[in-house]
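This chain uses plain numbering: 1 for the first residue, then up along the sequence. Just follow the structure's listing: the first ligand is 1, and inside any ligand the first atom is 1.
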Amino acid sequence: MSLVEAAGEANQAFKDIPIIDLKDIVSPDANVRKALAEEVRQACMNVGFFYVKNHGVEEETVGKALSSSKEFFALPMDSKMEIENKKTPSFKGYSPLLSGNNDPNGKGDLQEGFEFGWEAMKETDSGKAQQDQGALSGANVWPSELPAFRVAALEYYHAVVNLGKLLFPIFALALDIDEGFFDDKTRNSAALMRIIHYPDQTGPTDEGIIGIGAHTDWECFTILWQEPGIQALQVLNAQKEWIDAPPIPGTFVVNLGDQLARWTNDVFKSTVHRVINKSGKRRYSIPLFFGTDYDVRLEV
Ligand SMILES: O=C(O)CCC(=O)C(=O)O
Ligand SMILES: [Fe+2]
């Protein structure tokens, strides 16, 4: 069956989100990689979201990024506002509560965030030129009083970018195209990472103000870490039901964005999702958005 025929039969009235084991992601056996790609293909056509386990990113790397992020958000507001994203030419840095609004019908997203892109850990590291490419590139900004935050955030960033680079060939296989299709299109990958802090939102909720309003992501795909023990992320199925996407320890959520949906003529789905944090606790999450190089032409 062709991809397009299969898409016609795709069932987007999903009730749960599949979990895919990545232990074979670099298997030397092409048949094994193809079997993994088949699972990814089903998830991409039917849901647009899946969890990945055995992804290779160390718990310790995640833990350090989380604890450092908590220290960052706990800084005095004046310090955070010194690196506000509106003050930087490349939109990197801090964004305060309600400064963003993903759902055009919403009144603002109840979250503060910190965003940055590719950066070598040390000046001498190879690949330094990557940060100077593309419209959304340009120097990151970091809080001067918390040097450990930069190190922990970049360590996490580099680990998850490596995972993203392994996923591109699987997406290619899942599309029945050459495994190397994305190689020359993701050399200076436009990978932006955001660290998000959602305050708790118990009590009556103004429907127009939630953690992040209903939206789709706009890059190729997102690799999302969410804090264990807190249900807040929801994904919309074709029957307009909100399906919970709870955090599963040891996994990341992977979801497709508009770029890959558009590129595949919507055979792969970019699925609407939102966050409402009514857990009684503050919540942290870390999405890393993977695009292609900024000069890549999207042809179906
Ligand atoms: O915090 C989350 O779980 C999801 C965040 C999200 O959807 C986004 O930043 O695009
Ligand atoms: Fe999103």
A.B. asks: For Pro287, take its heavy atoms, then give the atoms of ligand 1 lying under 4.0 Å from any of them.
C.D. replies: 9 (O)
A.B. asks: Answer yes or no: is there an ion pair linking Asp176 with Lys34, defined by an N-O contact shorter than 4.0 Å?
C.D. replies: yes
A.B. asks: For ligand 1, which part of Val253 has a heavy atom less than 4.0 Å away: the side chain, the backbone, both, or neither?
C.D. replies: neither
A.B. asks: Looking at Asp217, which of its N, O or S atoms is the nearest one to the Fe ion (ligand 2)?
C.D. replies: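 It is OD1 of Asp217.
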A.B. asks: Side chains of Asp200 and Thr202 only: does a donor on one sit below 3.5 Å from an acceptor on the other?
C.D. replies: yes
A.B. asks: Show me which atoms of ligand 1 lie under 4.0 Å from any heavy atom of Arg283.
C.D. replies: 1 (O), 2 (C), 3 (O)
A.B. asks: Are Lys185 and Phe181 in a cation-pi setup, meaning NZ or CZ lies under 6.0 angstrom from the ring centre and within 45 degrees of the ring axis?
C.D. replies: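 Yes, Lys185 lies over the aromatic ring of Phe181.
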A.B. asks: Test of understanding: given a 4.0 Å heavy-atom threshold, classify the contact between Thr222 and ligand 1 as side chain, backbone, both, or neither.
C.D. replies: neither
A.B. asks: Between Arg33 and Glu179, is there a side-chain N and carboxylate O pair less than 4.0 Å apart?
C.D. replies: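 Salt bridge flag = yes for Glu179 with Arg33.
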A.B. asks: Start with the C-alpha distance between Gln111 and Arg283, add both sets of side-chain angles, then the distance that settles side chain to side chain donor-acceptor pair (under 3.5 Å), and finish with yes or no.
C.D. replies: CA-CA 9 Å; Gln111 55 160 272; Arg283 171 183 187 260; over 6 Å; no
A.B. asks: For ligand 1, does His215 get within less than 4.0 Å through its side chain, its backbone, both, or neither, judged by non-hydrogen atoms?
C.D. replies: side chain
A.B. asks: When rounded to the nearest 0.5 angstrom, what is the spacing between CD in Glu39 and CG in Asp24?
C.D. replies: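 One finds 9.5 Å between CD of Glu39 and CG of Asp24.
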A.B. asks: Give the numbers and elements of all ligand 1 atoms closer than 4.0 Å to a heavy atom of Ile196.
C.D. replies: 9 (O)
A.B. asks: In terms of side-chain geometry, is the basic nitrogen of Arg274 or Asp103 positioned less than 4.0 Å from the acidic oxygen of its partner?
C.D. replies: no
A.B. asks: Test of understanding: given a 4.0 Å heavy-atom threshold, classify the contact between Ile212 and ligand 1 as side chain, backbone, both, or neither.
C.D. replies: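 The part of Ile212 near ligand 1 is the side chain, not the backbone.
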A.B. asks: Closer than 4.0 Å to some heavy atom of Val275 - which atoms of ligand 1 meet that?
C.D. replies: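 In order of number, 1 (O), 2 (C), 3 (O), 4 (C).
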A.B. asks: Tell me which part of His273 gets within contact of ligand 1: side chain, backbone, both or neither, using heavy atoms under 4.0 Å.
C.D. replies: side chain
A.B. asks: Which ligand 1 atoms, with their elements, are less than 4.0 angstrom from a heavy-atom of Tyr198?
C.D. replies: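 In order of number, 1 (O), 2 (C), 4 (C), 5 (C).
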A.B. asks: Let me see the working for Phe182 and Trp263 under ring-ring contact (aromatic ring centres under 6.0 Å, His included), right down to the final yes or no.
C.D. replies: CA-CA 12 Å; Phe182 292 107; Trp263 216 343; 5.4 Å; yes
